[in-house]
2 protein chains.
Amino acid sequence: VLLGLDVGTSGCKASIFTLDGQLVSFGYREYSDYSPKPGWIELNPSEVWIKVQEAIKDALRKKGCAEELKALGISSLGEAILPIDKSGNPLYPAITAYDQRSNNYAKTIEMLKHEFGEMELFKITGIPLNSMPSIHKIVWIKENMPDIYRKTWKFVCIEDFIIYKLTGEAAIDFNLASRTMMLDIFKRRWHPEILNLIDISEDLLSNPVPSGTIVGETSSKVSKEIGLPKGLSVATGGHDQGCAALGAGIGDEGPTMDATGSVECIASVMKNPVLTEEMLKAGHCCHCYTIENMYISLGFFPSSGLILRWFRDQFAFEERKRAEEEGSNVYDILTELASTSPPTASKLLLLPHFCGSGTGSQPVLNRNSRGALVGLTIYHKKADVVRAILEGVAFELKQLIEHFESSGIKVSELRATGGGAKSPFWLQLKADVTGKCIYLPSVTETTSLGAALLAGIGVRAYKSFKDAIEKTYKWREVYKPNEKLNKQYAKIYETYKMLYPALVNLYESLAII
Amino acid sequence: VLLGLDVGTSGCKASIFTLDGQLVSFGYREYSDYSPKPGWIELNPSEVWIKVQEAIKDALRKKGCAEELKALGISSLGEAILPIDKSGNPLYPAITAYDQRSNNYAKTIEMLKHEFGEMELFKITGIPLNSMPSIHKIVWIKENMPDIYRKTWKFVCIEDFIIYKLTGEAAIDFNLASRTMMLDIFKRRWHPEILNLIDISEDLLSNPVPSGTIVGETSSKVSKEIGLPKGLSVATGGHDQGCAALGAGIGDEGPTMDATGSVECIASVMKNPVLTEEMLKAGHCCHCYTIENMYISLGFFPSSGLILRWFRDQFAFEERKRAEEEGSNVYDILTELASTSPPTASKLLLLPHFCGSGTGSQPVLNRNSRGALVGLTIYHKKADVVRAILEGVAFELKQLIEHFESSGIKVSELRATGGGAKSPFWLQLKADVTGKCIYLPSVTETTSLGAALLAGIGVRAYKSFKDAIEKTYKWREVYKPNEKLNKQYAKIYETYKMLYPALVNLYESLAII
C-alpha cells in the first residue's frame, strides 16, 4: 500500500491506498483557526507538522497498513512559504497565497514588471504576475524581518518542510516549485535572473526535482514516533491541484478536472505549455505538472462550496435541525430543496464572488468584487436561493471552461473531485449548464490518491504514469448534459455574463468607502 | 364617535374613533386570495362588500358604539374600477392598478399620448401616463366585454361602490376620482374631451364631490342588516394615501407622510399643484387632496414591508419559532437581530425592487426591475441581510425625498404611518439615513382616522380641516437623525444610487428570456 498526504489550508489528510487505488485507511486533522491581523493569512508550521503526524498515526491504526506500506508522497497547498533553520525549525509562520500584509505586495510586483515585463515572466515561470506567488513573501521577510532572514537556512514550501521533517532532505517537486514564480518551467531549475533580482541565493531554496522522486527515507526517530516502517521511502508529490488531477486520472489533453471544495478549480494538462497574452490576461497559469514533461493550466474562483456552507450556517437553521433529528446530511437536504426550484431558479442569478473574483473574467482575481443575488422577487422561495447558489457556481465554471477553450485548451469532459462531487444533483446541474459530460471517479479524494501514486512511481510500483492511471482511475458514474436544459441555461447564461461587468464599478466604489 | 372604513387591496378595516381621534373599536377582515390568470389582478366586489359589512359589525360590537355613531367615511384603494347595474350588482370583477391583462394597456396609452400629449394630460389630470389609472380598465371592458358594457349602469371605484351599497347614491370624492385620470383637477369635474376620446358618457360615472361631503344616508335595510344607526350619514372619503395623510395631520406644506405597509409611499400636500416636466418624468402625481382646494403629491415604491415579510416567511424559521414559543412578535426579533449588524450592514446593499421599481428613479415604475442583494461576502451574517433590507428601503425612501425636494416640494419632517411605524429601530434608521426628523403619530392607522375625520367634516363635528387636525393629530415619539451616522450613510448612499442604473439593462435582458 501507499500513503498519500494531503496538506491543505485548513487541515491535513493521510490516506492509504492499495496499488489499484482503493482507499484502505484514512486520518484527518483540522488546524486551529489562526490569523494574527486582518489581511495577514498565515499557517502555523509547527502545528501543521504535529497534525500531519497525528493524521498519519490515525491512518496507520488499520491493521496491516504499517507493515505493507511501501512509500509516502506529499501533496501541498501552493504558495505558502516559511523560513527554517538547519534543524528544520520554523523561524516564522508560513505566509499564504491570500495574505495581503504588504499592500498587495505591489513593490515586488512593480520591480518584476519593470525588470522582466509581465509577458516575459509568464513565459519563464508560467505564472501570471499577481500577489499570490511565494516570491513576494520571501522578499517581504527579507526586507521586514532582517534578523530572521539572517538566521534562515532555507525558505521552504509546505511540501519541502514536511519532507525535511521526515527525511532531513530539502527537496521540492517542479509542480509545487512552479507556484513560487521562481522556477524556469522549461529548464526546470530555479531561474538565476529572478533570484538575482530579489538577491536570493539558490542555496536558500530546496532542490527542485520531478514529482515522484524518492528523495530520502524516514529517519529512525521519525519512524518510531509516528509508527511508520523503518526507512520508509519518501517521494516528492506536488501542488494540491496537480496531485488531484493526477488522482483523477488526467494524463493527457482533453479530460479536465473540476475540483469543488471551498474553492472551485479546473485543471487541464498539455504537452506544450500555452503561454499566450490571452492566458496571461485571464490569470490562467500554465506550468509544470506532476507528470514529467507535461504542463498544467488552472482556472479557479475562490468561493464555491464555501457559499453553500455560508448559506447552511446563516440561513438553514430548519434544515440543520432536520438533519440532526434524522441523522442525515444537511447538504443533501439543501440540494433536495434546490431540486424543487425550476432550472434557472425563476431567473434568480448568483454571482459567486463572496471572496472576490477568480480567473478568466476581467478584471481577474479582483478582491474588491463581492457576491450578489440579483433578480429577487417576492415570489422567490428559499429553494430558489439554494438553487441560484448551485447554478451561479455552474455558470462561473462554464465561463472558466469557455476561457480555456478560447485559448486553445481542449476540454473534452469534466472529472469531478472534492466535496462538491458528493452531490449528484449538483453534478447533473453542472453537466446541463456546461454541456460537458461529468465523470465521477470512484475515489473523489483524488488529491491524496495523486500523492500516493507519486509515491508509487517513486518506488517503481508502477511502470509509468500511464500504468499508474490505468491501474487506479475508474469512474463510477457519468452525468450527461440534458440538451433541452442546456439550451435553456445557455439563454440565461448570456445574462449571467452581464452581472460582473455591471457591478464592477460599484464594487470599486464600495471598496474605497 | 365616527366610523372610518379603510377598504384596501387585501382586506378591509372598520375603525371607530372619538372626535379627538382616539381609537375606540376596530374590525378587520381579509379577502380570500383571488387572481384568475397570471397578470390579471382583480378584486371580487361582492366579497369586498360582504367583508366590509362583517368588519363594521365587528367594530360595532363594542358597547355604545352603534348608539353614539354620527357618521361614516370611506377610504379606498385607488384605480380599481368595476361596472355595476342600477341595483348595484357588480357585472364584472374590479380590475386593479397593477393588472397587466392588456399588454400594459399600451393601446389606450398610445391613443391618449397621441391626442393630448403626456405633458398636457399631466396638466389636466395631475397623473403621469402609465397603465395604472382606471381609464384603461374602462376601455378594456368596453372593447372586450361588449355585452357587459351594454348592461353597465355605472363604472364605480370601490368608494362609490360601497357608498352606493350603503345609500343608493353614486358619488365619488375628488381625491379618489383623480386616480381615474379622467378628472380635471382644476375645474374638479370629469374632463369632457377625455371622456369623449374614449367615448364614455359622463352618466356612466359617479358624481364627483369634495371629500367629506355627506352624500346620503344608510338605507333602513342596510342599517338593519349591519346594525348601523337608522339613516346614518355617509360621507365621501378619499384615496387611501389621501386619507392616511389627513389622518397624520398633514394640512400644509412641509410635513410629509411616510407610509410603510407592503408598499412605501410618501405624500406631501400643497396649495398650488407642481406639474412640471420633472415631476412627470419622475412619475410623481399631483392631484386633488382630501382637503378641498389643496393638492397632494405621491412618491412610492411597491415593495417595502413586503420584503421583510418575504424574508420572515422564507428565511426566519428560527425567529418564527422563537416568537411562537415566547409569544413575542417575529418582526421585533428580526429588527433586534438587525441591530447587531453595524450601520451600512458591512457594505451589503439591497435594491428593494422585489415588485419592480417605483417613482423617482429612471426608468420609473419599471416592472422588469427586480430586487438585488449586492456586496455579499462569506463574513456576512443573517443579521446583516435583515439590516440590509431595512437600509435598502431607507435609501430608496431618501431617493424619493430627494426627487420631491429637487422638484421644489418641501419635506420638513416625516410622519410615519402604517405597519412599519411599529418598529422604533427602523424609524431611527430612516431618520439617520434621510437626515429628517421622523414623528410617530399616536394613531398609526391614519387611513381609517382620515376617513373618520372626513365623516366628521361632513356632519360638521369639526369647524374646519384645521380644527379636525388640531383636535386629532398628536405625536407620541420623535426620532432625530444622528449626525455622525447620517454622514456615514451619505457615503454609502452614493454607491447605493449606482445600483439600479447598473442593473437596469440586465433586468431588461432577464425579462425577455
Side-chain angles (χ1 to χ4, degrees), chain A residues 262 302-303 306-307 309-311 313-321 344 346-356 368-385 488 491-499 501-513, chain B residues 262 302-303 306-307 309-311 313-322 344 346-356 369-385 488 491-499 501-513:
Chain A
S262 300
S303 39
L306 207 53
I307 303 174
R309 194 174 75 187
W310 169 82
F311 187 86
D313 293 342
Q314 297 303 323
F315 300 103
F317 177 87
E318 184 176 0
E319 292 74 15
R320 289 202 312 272
K321 206 164 167 289
T344 75
S346 307
K347 303 189 187 179
L348 184 57
L349 297 174
L350 178 104
L351 183 70
H353 292 187
F354 282 55
C355 300
N368 292 338
S369 191
R370 290 164 159 240
L373 198 55
V374 169
L376 286 161
T377 71
I378 50 155
Y379 303 109
H380 282 112
K381 300 200 179 306
K382 186 194 256 187
D384 298 310
V385 174
Q488 198 179 331
K491 277 189 206 158
I492 202 156
Y493 174 65
E494 291 306 312
T495 307
Y496 174 81
K497 283 197 286 186
M498 297 168 72
L499 199 46
L503 293 174
V504 70
N505 286 332
L506 190 149
Y507 285 142
E508 288 310 310
S509 152
L510 264 193
I512 58 170
I513 288 175
Chain B
S262 299
S303 40
L306 207 53
I307 303 174
R309 193 174 76 186
W310 169 83
F311 186 87
D313 293 342
Q314 298 302 324
F315 300 102
F317 178 85
E318 186 176 359
E319 291 75 13
R320 288 203 313 272
K321 208 164 165 288
R322 217 185 96 197
T344 76
S346 308
K347 303 187 186 180
L348 183 57
L349 297 174
L350 177 104
L351 183 70
H353 292 186
F354 283 54
C355 300
S369 191
R370 290 165 159 238
L373 197 55
V374 169
L376 286 162
T377 72
I378 51 155
Y379 303 110
H380 281 113
K381 300 200 177 307
K382 187 194 255 187
D384 298 310
V385 174
Q488 198 179 330
K491 275 188 208 160
I492 202 157
Y493 174 64
E494 292 307 311
T495 308
Y496 174 81
K497 283 196 285 187
M498 298 167 71
L499 199 47
L503 293 174
V504 69
N505 286 333
L506 190 149
Y507 285 143
E508 288 310 311
S509 151
L510 264 192
I512 57 170
I513 289 173

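In what follows, chains are A, B, ... by sequence order, proteins preceding strands, each numbered from 1. Atoms considered below: every heavy atom in the structure, side chains included; atoms not considered: hydrogens, waters and symmetry mates.
- Across A/Leu351, A/Leu349, A/Ile492, A/Thr344, the residue that shares the most heavy-atom pairs under 4.5 angstrom with chain B is A/Ile492.
- No side-chain heavy atom of A/Lys382 sits under 4.5 Å from any side-chain heavy atom of A/Val385.
- Taking a cutoff of 4.0 Å between a charged side-chain nitrogen and a carboxylate oxygen, B/Glu494 and B/Lys491 do not qualify as a salt bridge.
- Of the listed residues (A/Tyr507, A/Phe311, A/Tyr379), the greatest number of heavy-atom pairs within a distance under 4.5 Å of chain B belongs to A/Tyr507.
- Interatomic distance, A/Ser509 OG to A/Leu503 CG, rounded to the nearest 0.5 Å: 11.5 Å.
- Interface residue B/Leu510: backbone and side-chain heavy atoms are both found under 4.5 Å from chain A.
- Between the CD1 atom in A/Ile512 and the OG1 atom in B/Thr495 there is a gap of 7.5 Å [rounded to 0.5 Å].
- Annotation: maximal heavy-atom pairing with chain B below 4.5 Å, among A/Cys355, A/Ala372, A/Ala502, A/Gly375, occurs at A/Gly375.
- Chosen from B/Gln488, B/Lys321, B/Met498, the residue pairing most often with chain A at heavy-atom distances under 4.5 Å is B/Met498.
- Other residues, nucleotides and ligands contribute at most 12 non-hydrogen atoms within 6.0 Å of the NZ atom of A/Lys381.
- The aromatic rings of B/Phe315 and B/Trp310 sit perpendicular to each other, their planes meeting at more than 60°, with 30° as the lower class boundary.
- Residue B/His353 touches chain A through its backbone alone, counting heavy-atom pairs closer than 4.5 Å.
- Residue contact with chain A, scored on non-hydrogen atoms closer than 4.5 Å, is absent for B/Tyr496.
- In this structure a side-chain-to-backbone donor-acceptor pair under 3.5 Å is present from B/Arg320 to B/Asp313.
- The contact between B/Leu499 and chain A is made by backbone and side chain atoms together, counting heavy-atom distances below 4.5 Å.
- In terms of non-hydrogen atom pairs under 4.5 Å with chain A, the most contact-rich of B/Leu376, B/Ile307, B/Leu306, B/Ile378 is B/Leu376.
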